[in-house]
Amino acid sequence: SAGPTATAGGVVFVGATSDRRFRAFDSQTGKELWATQLDATVNANPMVYRGSNGKQYIAVVATDRLVAYGLP
């Protein structure tokens, strides 16, 4: 199983759940900020990175696929 990843901006990403959802929570309040359902269960810690375009992304591995989302 995989653990959560916290960002400096106060968002915690969690993906290793039995319902195949990938979620973002506010680290101060615990409020769910965003969720999406994936085709498979996340099996690695979420990764945060900055692309060559300067935009920040969050990515997860779900079975054998890498899925990435741009952050606002």
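- Using a 4.5 Å cut-off on side-chain heavy atoms (C-beta onward), Trp34 and Phe22 make contact.
- Considering every non-hydrogen atom in both Ala2 and Asn43, the closest pair reads CB-C, 4.0 Å.
- Phe25 and Gly30 make their closest contact through CD2-O, 3.4 Å (heavy atoms, listed as atom of the first residue, atom of the second, distance).
- In plain terms, the two heavy atoms of Ala62 and Ala40 that are nearest each other are CB-O, 3.7 Å.
- Under the 4.5 Å side-chain heavy-atom criterion for Ile, Leu, Val, Met, Phe, Trp and Tyr, Val60 and Leu33 are members of the same hydrophobic cluster.
- Annotation: side-chain hydrogen bond (donor to acceptor under 3.5 Å, both in side chains) contacts involving residues 62-72, sequence neighbours excluded, comprise Asp39-Arg65.
- In the displayed structure, Gln37 atom CD is contacted under 6.0 Å by more than 12 heavy atoms of other residues, nucleotides or ligands.
- Between Val42 and Val61, the closest side-chain pair of non-hydrogen atoms is not below 4.5 Å.
- Among all heavy-atom pairs drawn from Lys55 and Leu71, the shortest one is CE-O, 3.5 Å.
- By the side chain to side chain contact (heavy atoms under 4.5 Å, CB included) test, Ala35 is found to be paired with Arg23, Glu32, residues two or more places apart in sequence or in another chain being considered.
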Mind listing the side-chain donor-acceptor pairs of residues 4-18 below 3.5 Å, one per line with the distance, residues two or more places apart or on another chain?
residue: Thr5; atom: OG1; partner: Pro46; partner atom: O; Å: 2.6
residue: Thr7; atom: OG1; partner: Gly9; partner atom: N; Å: 3.4
residue: Thr7; atom: OG1; partner: Val11; partner atom: N; Å: 3.2
residue: Thr7; atom: OG1; partner: Val11; partner atom: O; Å: 3.3
residue: Thr17; atom: OG1; partner: Asp19; partner atom: OD1; Å: 2.6
residue: Thr17; atom: OG1; partner: Arg21; partner atom: O; Å: 3.2

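- Asp26 places no side-chain N or O within 3.5 Å of a backbone atom of Lys31 that could act as its donor or acceptor partner.
- Of all heavy-atom pairs between Ala68 and Tyr49, the closest is CB-OH, 3.8 Å.
- Interatomic distance, Leu38 CG to Arg20 CZ, rounded to the nearest 0.5 Å: 8.5 Å.
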